[in-house]
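These notes are about the structure you will find just below.
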Number of protein chains: 2
Amino acid sequence: MKKIEINLHINPKTYVKNPVTTDLGKKILENSVILIDELGLEDFSFRKLAIRISSTESSLYRYFENKHYLFIYLLNWYWEWTSTRIDLKLINVKEPEEKLKLIIRTLIDSSMKNADSPFIDEEILHRIVVREGTKAYHHKLVDTENEYGFFLSYKTLCKKISDVIIELSHNHQYPKTLASTLVETANNNLYFAKHLPRLTDIKEEKDPEVINDDLFQILHHLAMSSIKNRNENQVENKPKVNGNKIELLNL
Amino acid sequence: MKKIEINLHINPKTYVKNPVTTDLGKKILENSVILIDELGLEDFSFRKLAIRISSTESSLYRYFENKHYLFIYLLNWYWEWTSTRIDLKLINVKEPEEKLKLIIRTLIDSSMKNADSPFIDEEILHRIVVREGTKAYHHKLVDTENEYGFFLSYKTLCKKISDVIIELSHNHQYPKTLASTLVETANNNLYFAKHLPRLTDIKEEKDPEVINDDLFQILHHLAMSSIKNRNENQVENKPKVNGNKIELLNL
DNA sequence: TAGTTGTGATAGTAATACTACTATGATTGA
DNA sequence: TCAATCATAGTAGTATTACTATCACAACTA
């Protein structure tokens, strides 16, 4: 069976020179994913990458302004890749509830049997995203980079999810938060299951199939609970008790 | 009105010498919070901090092994501080639903009228936590640092929340994930509201009171939906459709 | 054949993230 | 009251990062 070759459109502002157009560019993408996975983002450097691919630092700077931009490129690739996989899976699916299930599955799994990228290893990239993906936008320069459109692919992905939520519950009050929460919670719980198991209900297990099934149930429950709960009356927010009682402790 | 002076217990493995025992130590805590807020974690350095407080790099290294450990210290302080605030607020509260509301409020707000820390500015620290708090555990050395107990305070905080969830719904299947999701979603949505508004349903607003009220409703809805949904039958996970249909695209 | 493209080689700068060692005034406790 | 130690400052040095700049050169392209 021939696989579909994926060529994703990535925001040109993330790179100086389009890496997919040359051999060295492709080598940069392929090996940066492997090296970031091995070393972690902070210990990864252009020098180490240059040594690994028998090139030079200055050559790498011809493709990406710095390692952060390269990281942003990879994240954009991941978000586009995930959106594409969702699109492919949703072809011919009419039922919105089935759509949501397929979306959740896609957020948990990184691989896709029928589609394939020539140089980026999606499974390794997914590991990176789970471990340090949020670093792409959690820093001082978000606003500038947001103006460059660095997070458009992420927003598009979330929009796609929130549209399905709205299909399921036309008047849902919080589709955007629910969408981004599903994406973030999927990654967080995969990470927690591996490193901080007390923060998740995924059973401590080695088998990734079982972990993914657990997580599917968790996310599905979270999403469908919110979708089915059409309680539209706002809740009393301000606390009535306490405040004065705390003063007792002031003695 | 006299405020309660807070002195929190922080894991001694995070520091070389306990910073609260000396003047320089307190200055380090106070000013690192301010400087990290100003510069962001990556641009913050011991050199810059030393200059700011008219000390030297080598002096700072007597308190913290490196800036990451100092960051971990601050995060632990925040988690302990949040746990303490929850404890104080829940005194004399019997109703579990009221407890959950107070917890959500505490996760959103950083300040507390009745309690106060002498050197760490909790509002600035909260801003740091919202922007880059997850960096504390999203890196290559989590497992080692987890063994040192660097994340115990975070786990304790989540445990506290999940206990209330269990109080509300004795047989809830996913209290741990729901607890950590509430904490993470609170921070994420505060961040999104400021920088990536399309990822949240918080209305674009300048008034922090309105933002916090919006977020309260969102988190309350998310939590109570899941708690009230006692649908215990597992959902069919594997997709039945597609798979073969995708092959049509292989031409 | 001249020009462009892609890459490599070399060198240099400023900053980071430390480590090591010395010096000094203040406190304390035997 | 004298020695010890504590808290801090100062000075110097190393390895690495995160770049920037310049020149050389081979391959391909018009």
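Every chain is numbered from 1 and lettered A, B, ... according to where its sequence line falls, protein lines coming before strand lines. Because the structure is predicted, anything quoted here is derived from the model rather than measured.
In terms of phosphate contacts, Thr22(A) brings a side-chain nitrogen or oxygen within less than 4.0 Å of OP1 or OP2 of dT7(C). Between dG10(D) and Thr56(B), no contact under 4.0 Å exists linking OP1 or OP2 to a side-chain N or O. Contact check, Tyr63(B) against dT8(D): a side-chain N or O comes under 4.0 Å of OP1 or OP2. Side-chain nitrogen and oxygen atoms of Lys48(B) include at least one within less than 4.0 Å of the OP1 or OP2 phosphate oxygen of dT16(C).
In this model, no donor atom of one side chain and acceptor atom of the other lie less than 3.5 Å apart for Glu42(B) and His68(A). Between the side chains of Tyr63(B) and Thr22(B), at least one donor N or O sits under 3.5 Å from an acceptor N or O.
Here the two rings, on Phe150(A) and Tyr69(A), have centers that are under 6.0 Å apart. Ring to ring, Phe44(A) and Phe71(A) are not that close: their centroids are 6.0 angstrom or more apart.
Nearest to the side chain of Lys17(B), among dA18(D), dA9(D), dA7(D), sits dA7(D). Nearest to the side-chain atoms of Arg62(A) among the listed nucleotides dA18(D), dC23(D), dA17(C) stands dC23(D). Closest to the Ser59(A) side chain, of the nucleotides dT20(D), dT7(C), dT8(D), is dT7(C).
The CD atom of Glu42(A) sits 11 Å away from the P atom of dA17(C) (whole-angstrom rounding). With rounding to whole Å, Glu65(B) atom CD is found 13 Å from dT19(C) atom C1'. Look at CD1 on Ile28(A): it is 11 Å from C1' on dT7(C), rounded to the nearest Å. Between the CZ atom of Phe44(B) and the P atom of dT16(C) there is a distance of 11 Å, given to the nearest Å. In this structure, Ile51(B) places its CD1 atom 15 Å from C1' of dA9(D), rounding to the nearest Å. Between the NZ atom of Lys26(B) and the P atom of dA7(D) there is a distance of 12 Å, rounded to whole Å. Going from atom CD of Glu57(B) over to atom P of dG13(D) covers 15 Å, rounded to whole Å. Atom NE2 of His68(A) and atom C1' of dT17(D) are 17 Å apart (whole Å).
You'll find a donor-acceptor pair under 3.5 Å spanning the side chain of Ser58(B) and the base of dG10(D), going by distance alone.
Within the nucleic acid shown, Thr21(B) has no heavy atom closer than 4.0 Å to any nucleic acid atom. Using a 4.0 Å heavy-atom distance criterion, Tyr61(A) is classed as a base contact.
When each of Asn188(B), Asp214(B), Asn189(B) is checked for a side chain to side chain donor-acceptor pair (under 3.5 Å) with Thr177(A), only Asn189(B) meets the rule.
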